Amino acid sequence: MSKITGHIFYFLSRFKFHIVVILGILVVGVFDENSFMKRIKYAYQIEDLKSEIAEYEEQYRHDSEMLKDIKRNPNAMAKIARQRYFMKADDEDIFVLSDDEQAAGNSNQNEATE
């Protein structure tokens, strides 16, 4: 038993600096709560959040312009209702065109079965 522990102590004493450096790199690079891996992950999250903020700012500008248009022009409300909510006047018909691939695939299947 003492022979095994002697070999272990000899190995540890001989490579103690190497072991400490490797353990330090592992702690700083991987295991620590402020590790390099987490810093990289947080950097990607920040980029995603900044792009999301830019999208929301653009949507805010667009909606603000529409609100100003509604306040200035009473016909603008009817235009927005027709565009967004497919509302119509009494003497109109509305046709909604879609680019869905699934709808095109279903029509092709229906034609093949007929």
Side-chain angles (χ1 to χ4, degrees):
M1 185 71 168
S2 66
K3 194 173 188 181
I4 294 173
T5 57
H7 287 298
I8 292 172
F9 285 131
Y10 174 73
F11 179 79
L12 291 176
S13 66
R14 185 170 178 202
F15 295 109
K16 61 186 167 191
F17 295 113
H18 297 101
I19 293 170
V20 169
V21 168
I22 290 171
L23 288 176
I25 290 172
L26 283 176
V27 167
V28 171
V30 180
F31 299 123
D32 191 31
E33 83 178 40
N34 297 321
S35 68
F36 291 116
M37 291 177 60
K38 287 190 180 183
R39 288 178 59 107
I40 292 170
K41 183 178 93 172
Y42 292 149
Y44 283 128
Q45 284 181 349
I46 289 170
E47 288 178 23
D48 291 340
L49 291 173
K50 284 182 179 180
S51 66
E52 191 173 333
I53 288 170
E55 289 174 12
Y56 284 129
E57 286 177 347
E58 181 63 31
Q59 181 181 357
Y60 173 75
R61 278 190 226 108
H62 180 264
D63 292 342
S64 297
E65 289 175 10
M66 290 179 69
L67 183 61
K68 288 177 187 176
D69 193 29
I70 288 173
K71 289 180 180 178
R72 278 187 259 135
N73 186 1
N75 294 331
M77 189 178 301
K79 179 182 175 185
I80 292 170
R82 288 181 178 148
Q83 287 176 350
R84 283 197 179 174
Y85 304 110
F86 304 116
M87 293 184 175
K88 66 180 186 109
D90 291 333
D91 60 345
E92 290 181 330
D93 290 328
I94 294 180
F95 297 98
V96 179
L97 303 176
S98 177
D99 293 345
D100 293 341
E101 293 178 14
Q102 184 179 11
N106 289 341
S107 65
N108 289 340
Q109 289 175 357
N110 291 338
E111 291 173 3
T113 58
E114 292 177 358

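On a predicted model such as this, the values are computed, not experimentally measured, just so you know.
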field: Shortest non-hydrogen contact between Ser35 and Gly29, atoms and distance
entry: CB-O, 3.5 Å
message: Once rounded to the nearest 0.5 Å, what's the spacing between atom CE of Met37 and atom CZ of Phe31?
response: 9.5 Å
Val20 with Val28, same ILVMFWY side-chain cluster at under 4.5 Å: no
field: Worked verdict on Phe11 versus Ile19 for side chain to side chain contact (heavy atoms under 4.5 Å, CB included)
entry: CA-CA 10 Å; Phe11 179 79; Ile19 293 170; 4.2 Å; yes
query: Do Leu23 and Leu12 belong to the same hydrophobic cluster, where Ile, Leu, Val, Met, Phe, Trp and Tyr are linked whenever their side-chain heavy atoms lie under 4.5 Å apart, directly or via other members?
result: yes
message: Distance check, rounded to the nearest 0.5 Å: Met77 atom CE versus Leu67 atom CG?
response: 9.5 Å
- prompt: Are Ile46 and Ile53 connected in a single hydrophobic cluster, I mean Ile/Leu/Val/Met/Phe/Trp/Tyr linked by side-chain heavy atoms less than 4.5 Å apart?
  reply: no
field: Nearest heavy atoms of Asp69 and Ala76, plus distance in Å
entry: OD2-CB, 3.6 Å
field: Joint cluster assignment, Ile22 & Val27, ILVMFWY side-chain distance < 4.5 Å
entry: no
query: Out of curiosity, Glu65 CD to Asp63 CG, how far, rounded to the nearest 0.5 Å?
result: 9.5 Å
message: For Glu33 versus Lys38, what's the shortest heavy-atom pair and its separation?
response: O-CD, 3.4 Å
message: So that I can tick it off, tell me whether Glu58 and Arg61 are bridged by a salt bridge, with the cut-off set at under 4.0 angstrom between side-chain N and carboxylate O.
response: yes
